[in-house]
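When reading the values below, keep in mind they use all heavy atoms of this one structure, side chains included, and skip hydrogens, waters and symmetry mates.
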Amino acid sequence: MLGLIILLVIGSVSGYFSTKAWGTGWGITCAIAAFLLAYLILSLILRSLVMRRQMVIQNIMQDAQNKVNRQLEMFNRRPPSSVNAARQMLEKIQFDAIRKALAELEGFKKFYIWSVMLVRQINTMKIQLHYQLREYSKVDELLPKALLFDPQSLAIKLARMYKNNDPKLDKFYKFKCSRLKGENGAFVASVYAWIKIKQSEPEKALEALRAAAKTSDHMVLRENIDRLVNGKIKHYSNSGFGDTWYVLALEEPKVKNQRQQMRAF
């Protein structure tokens, strides 16, 4: 908000003095030019500061992934006596990294006064991290304050609406998700279709999948359309999306090795 105020002041001052010197036409032109130039400079500065902190977060997550990979290699050489204990160990590494990343995200607060949209962008990142921690109440709290454009965020929103029995789920999918194309559209449509099947509405599931198939030839999409067309509703599966699907925690993998089980970054 402060950033917008400063930009308006710069534009107004430039327009005022330009009008007095060269007339109304040049005054308006200079006001717009000054506003856009100041906006560009402010955006570049803010982007640079944000990217530095994002790099810190990325390094935290990458370090954790490296630790997980090294631990998995040790398990491959010497299988653990307890798979559950091993899984908990790897999960702890992951969760510790996520909490550190969330702490780093709090550092963005000092930039909020410069950009209203930045708040929503950071909330979108927080949603995905809190979701991995299974802190669903925090996810629900942040969802109305986030930007939901990427497929994973949209899928999370659908998952939470399903879990909360939100009657607006179909409306949300129609207006926010159905326009996605390619692999993104295939994934979100498949999530929605899974939900519709659970809600005993396979016809809506098939409709969504067929619409997504107009812009995507994804294997999972094709296979699930065939299953629904042939009445094999119980065989519907999104497992082909791998971790992207399982991170939604809507179902557990039937068969998974330790590396698949712990990978979430």
Side-chain angles (χ1 to χ4, degrees), residues 54 57-58 60-69 71-72 83-84 86-102 104-105 121-143 146-164 166 169 172-173 176-177 180 182-198 208 212 216 218-221 224 236-265:
Q54 285 180 325
I57 294 173
Q58 289 176 10
I60 290 173
M61 304 302 277
Q62 187 58 54
D63 287 345
Q65 185 60 61
N66 292 338
K67 290 179 181 178
V68 168
N69 290 338
Q71 196 66 54
L72 284 169
V83 174
N84 286 334
R87 181 168 59 85
Q88 290 173 6
M89 179 189 301
L90 297 176
E91 194 173 69
K92 183 179 184 303
I93 296 174
Q94 171 191 327
F95 283 6
D96 286 347
I98 292 174
R99 291 190 177 94
K100 287 181 182 178
L102 283 168
E104 283 293 327
L105 285 176
Q121 292 172 359
I122 299 305
N123 284 341
T124 303
M125 296 172 66
K126 286 182 177 180
I127 282 170
Q128 297 189 19
L129 295 174
H130 281 302
Y131 200 93
Q132 290 187 57
L133 291 174
R134 301 165 195 150
E135 296 173 346
Y136 300 127
S137 61
K138 293 183 179 179
V139 172
D140 292 341
E141 179 185 344
L142 289 170
L143 275 170
L147 290 173
L148 303 179
F149 291 117
D150 65 284
Q152 197 66 33
S153 296
L154 290 169
I156 286 174
K157 174 67 173 179
L158 289 172
R160 294 309 302 153
M161 294 181 84
Y162 165 63
K163 289 294 186 179
N164 292 327
D166 193 326
L169 189 150
F172 175 80
Y173 178 79
K176 290 285 290 185
C177 308
L180 292 174
E183 190 165 327
N184 291 342
F187 173 64
V188 178
S190 297
V191 173
Y192 175 74
W194 184 92
I195 292 172
K196 289 290 95 183
I197 288 172
K198 293 298 179 181
S216 173
H218 198 285
M219 178 186 67
V220 175
L221 202 63
N224 281 328
Y236 183 95
S237 174
N238 286 337
S239 62
F241 290 109
D243 292 333
T244 308
W245 163 247
Y246 289 121
V247 77
L248 295 175
L250 291 175
E251 67 176 5
E252 289 292 326
K254 293 179 180 179
V255 178
K256 56 185 177 181
N257 57 42
Q258 291 175 0
R259 183 176 295 274
Q260 290 175 322
Q261 193 173 30
M262 291 300 112
R263 226 183 84 210
F265 302 119

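No side-chain heavy atom of Met89 sits less than 4.5 Å from a side-chain heavy atom of Lys92. At least one side-chain heavy atom of Met61 sits less than 4.5 Å from a side-chain heavy atom of Ile98. The shortest distance between side-chain heavy atoms of Ile122 and Lys126 falls below 4.5 Å. Looking at Lys196 and Tyr236, their side chains never come closer than 4.5 Å, going by heavy atoms from C-beta outward. A 4.5 Å side-chain heavy-atom check between Leu248 and Trp194 finds every atom pair outside the cut-off. Looking at Lys198 and Leu250, their side chains never come closer than 4.5 Å, going by heavy atoms from C-beta outward. The shortest side-chain heavy-atom distance between Met161 and Tyr173 does not fall under the 4.5 Å cut-off. For the pair Glu252/Tyr246, no side-chain contact is recorded, criterion being any heavy-atom separation below 4.5 Å from C-beta on.
Side-chain atoms of Ser190 do not come within 3.5 Å of backbone N or O of Asn238 as any donor-acceptor pair. Of the possible donor and acceptor atoms, none in the side chain of Tyr136 sits under 3.5 Å from a partner among the backbone N and O of Arg160. Proximity of a side-chain donor or acceptor of Asn123 to a complementary backbone N or O of Leu143 within less than 3.5 Å is not detected.
Counting non-hydrogen atoms of other residues, nucleotides and ligands closer than 6.0 Å to NZ of Lys67 gives a total of 12 or fewer. Within 6.0 Å of the CD atom in Glu183, the count of heavy atoms belonging to other residues, nucleotides or ligands does not exceed 12.
To the nearest 0.5 Å, atoms CZ (Phe95) and CZ (Arg134) are separated by 4.0 Å. If you take CG on Leu102 and NE2 on His130, they are separated by 4.5 Å, rounding to the nearest 0.5 Å. Note that CG of Asp140 is 10.0 Å distant from CG of Asp166, once rounded to the nearest 0.5 Å. With rounding to the nearest 0.5 angstrom, the CG atom of Asn84 is 10.5 Å from the CD atom of Glu91. Interatomic distance, CG of Leu90 versus CZ of Arg87, reported as 10.0 Å (0.5 Å rounding). We find the CD1-OH distance between Ile197 and Tyr192 to be 11.5 Å, quoted to the nearest 0.5 Å.
Here Phe241 and His218 bring their ring centres to under 6.0 angstrom of each other.
Between Val220 and Gly240, the shortest heavy-atom distance links the atoms CG2-CA, 3.5 Å. Here the closest non-hydrogen pair linking Ala159 and Ile195 is N-CD1, 4.4 Å.
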(Q) Set out, in order, the CA-CA distance, both residues' side-chain angles and the distance that settles side-chain hydrogen bond (donor to acceptor under 3.5 Å, both in side chains) for Gln128 and Ser153, then state yes or no. (A) CA-CA 7 Å; Gln128 297 189 19; Ser153 296; 3.0 Å; yes
**Q.** Trace of the side chain to side chain contact (heavy atoms under 4.5 Å, CB included) decision for Leu133 with Lys138
**A.** CA-CA 10 Å; Leu133 291 174; Lys138 293 183 179 179; over 6 Å; no
Q: Show your reasoning for whether salt bridge (Lys or Arg N to Asp or Glu O under 4.0 Å) applies to Lys100 and Asp96.
A: CA-CA 6 Å; Lys100 287 181 182 178; Asp96 286 347; over 6 Å; no
(Q) I'd like to know whether Asn69 forms a side-chain hydrogen bond (donor to acceptor under 3.5 Å, both in side chains) with Gln65, so could you lay out the CA-CA distance, the side-chain angles of the two residues, the decisive distance to 0.1 Å, and finally the verdict. (A) CA-CA 6 Å; Asn69 290 338; Gln65 185 60 61; 3.0 Å; yes
